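Read the structure below first, then the notes.
These figures come from a predicted structure and were not determined experimentally.
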Amino acid sequence: MNNKIATLIAAAAFAASAPALAEVVVVVGAKSAESSMTKEQVAQFFLGKSSSMTPIDQVEANPVRAEFYKKVADKDAAQAKALWSKLVFTGKATMPKEVADNAAVKAAVAANPKAIGYIDKSAVDGSVKVVYSAQ
């Protein structure tokens with residue numbers, strides 16, 4: 001019986017220490033004309049296939065970035081970076097602007113009506129409008 005209790009305690013401790021996956025939302029400025037987008041539309045901006053909006057990326061070290069690319073573009077962060085590197089090298093696109101965190105993304109999209117970014121859902125406030133939720 002003591003082994004079962006010890007195993008349950010160890011499992012609970014492990015679960016508590018595991019990082020929770022962020023719920024990532026795609027945002028534009030509160031005054032932007034956009035109101036909703038599909039996963040495919042969002043992916044087009046962040047994979048360099050459309051230039052009608054300016055993508056704002058979070059830095060590579062931010063776990064929200066990895067979660068975003070996995071859920072929206074079906075790519076890991078390294079695959080997305082390789083894709084962008086190819087586009088830049090061939091002169092077809094310029095890398096998205098990288099910012100440090102959720103607050104910097106909100107500031108960037110609030111300041112530019114053509115900007116689009118992604119943040120953790122918990123960071124949403126009145127300065128931005130959610131156009132897609134990556135479940």
Original post:
For Ala115, which residues count as a side-chain contact (heavy atoms from CB on, under 4.5 Å) partner, sequence neighbours excluded?
Top reply: Ile56, Val109, Asn112
Show the atom names and distances, to 0.1 Å, of all donor-acceptor pairs under 3.5 Å that link a side chain in residues 125-135 to residues at least two apart or in another chain.
residue : atom : partner : partner atom : Å
Asp125  : OD1  : Ser127  : N            : 2.9
Asp125  : OD1  : Ser127  : OG           : 2.6
Asp125  : OD2  : Lys106  : NZ           : 3.0
Lys129  : NZ   : Ser32   : O            : 2.6
Lys129  : NZ   : Glu34   : O            : 2.8
Ser133  : OG   : Glu23   : OE2          : 3.2
Ser133  : OG   : Gln135  : NE2          : 2.9
Gln135  : NE2  : Glu23   : OE2          : 3.2

Original post:
In chain order, what residues pass the salt bridge (charged side-chain N to carboxylate O under 4.0 Å, His left out) check against Lys81, with sequence neighbours excluded?
Top reply: Glu60
Subject >> All pairs passing ring pair (Phe, Tyr, Trp, His ring centres under 6.0 Å) where residues 87-119 contributes a residue, at least two apart >> reply: Phe46-Tyr118, Phe68-Tyr118
Original post:
Is it true that Val99 and Met95 fall in one hydrophobic cluster, defined by side-chain heavy atoms closer than 4.5 Å?
Top reply: no
Subject >> Contacts of Ala107 that satisfy side-chain contact (heavy atoms from CB on, under 4.5 Å) - sequence neighbours left out >> reply: none
**OP:** Enter the distance from Asp101:CG to Gln58:CD here, rounded to the nearest 0.5 Å.
**Re:** 6.5 Å
Original post:
What heavy-atom pair brings Gly117 and Val105 nearest, and what distance separates the two atoms?
Top reply: CA-CG1, 3.9 Å
**OP:** Sorted by first residue and then second, give each salt bridge (charged side-chain N to carboxylate O under 4.0 Å, His left out) pair with at least one member in residues 84-94; sequence neighbours left out.
**Re:** none
Original post:
Linking I/L/V/M/F/W/Y whenever their side-chain heavy atoms sit closer than 4.5 Å, directly or via other members, would Val28 and Val64 fall into one cluster?
Top reply: yes
Original post:
Is Val27 linked to Leu47 within one hydrophobic cluster, defined over Ile, Leu, Val, Met, Phe, Trp and Tyr using a side-chain heavy-atom separation of less than 4.5 Å?
Top reply: no
Subject >> Ala77: partners by side-chain contact (heavy atoms from CB on, under 4.5 Å), with sequence neighbours left out >> reply: none
Original post:
Taking the side chain as C-beta and beyond, is there a heavy-atom pair between Tyr69 and Gln79 under 4.5 Å?
Top reply: no
Original post:
CG/Asp57 to CD/Glu98 distance, rounded to the nearest 0.5 angstrom?
Top reply: 6.0 Å
**OP:** Look at the side-chain heavy atoms of Ile, Leu, Val, Met, Phe, Trp and Tyr, link any pair under 4.5 Å apart, and say whether Val72 and Leu87 land in one connected group.
**Re:** yes
Original post:
Can you list the residues that meet the side chain to side chain donor-acceptor pair (under 3.5 Å) rule with Ser35, with sequence neighbours excluded?
Top reply: none
Original post:
Between the main-chain N or O of Thr38 and the side-chain N or O of Gln41, is there a donor-acceptor pair closer than 3.5 Å?
Top reply: yes
**OP:** Could you check Ile116 against Thr54 for side-chain contact (heavy atoms from CB on, under 4.5 Å), going step by step and ending with a plain yes or no?
**Re:** CA-CA 6 Å; Ile116 184 170; Thr54 306; over 6 Å; no
Subject >> With Ser52 via side chain to side chain donor-acceptor pair (under 3.5 Å) - residues at least two apart >> reply: Ser50
Original post:
Under the salt bridge (charged side-chain N to carboxylate O under 4.0 Å, His left out) test, which residues partner Asp74, sequence neighbours left out?
Top reply: Lys39
Subject >> Nearest non-hydrogen partners of Glu67 and Lys71, listed with the distance >> reply: OE2-CE, 2.7 Å
**OP:** Go through the structure and list residues passing side chain to side chain donor-acceptor pair (under 3.5 Å) with Thr94, not counting sequence neighbours.
**Re:** none
**OP:** Give the other cluster members for Val59, using side-chain heavy-atom distances under 4.5 Å between Ile, Leu, Val, Met, Phe, Trp and Tyr residues; answer none if it is isolated.
**Re:** none
Subject >> Sidechain-backbone polar pair: Asn102 side chain, Ile119 backbone, donor-acceptor under 3.5 Å >> reply: no
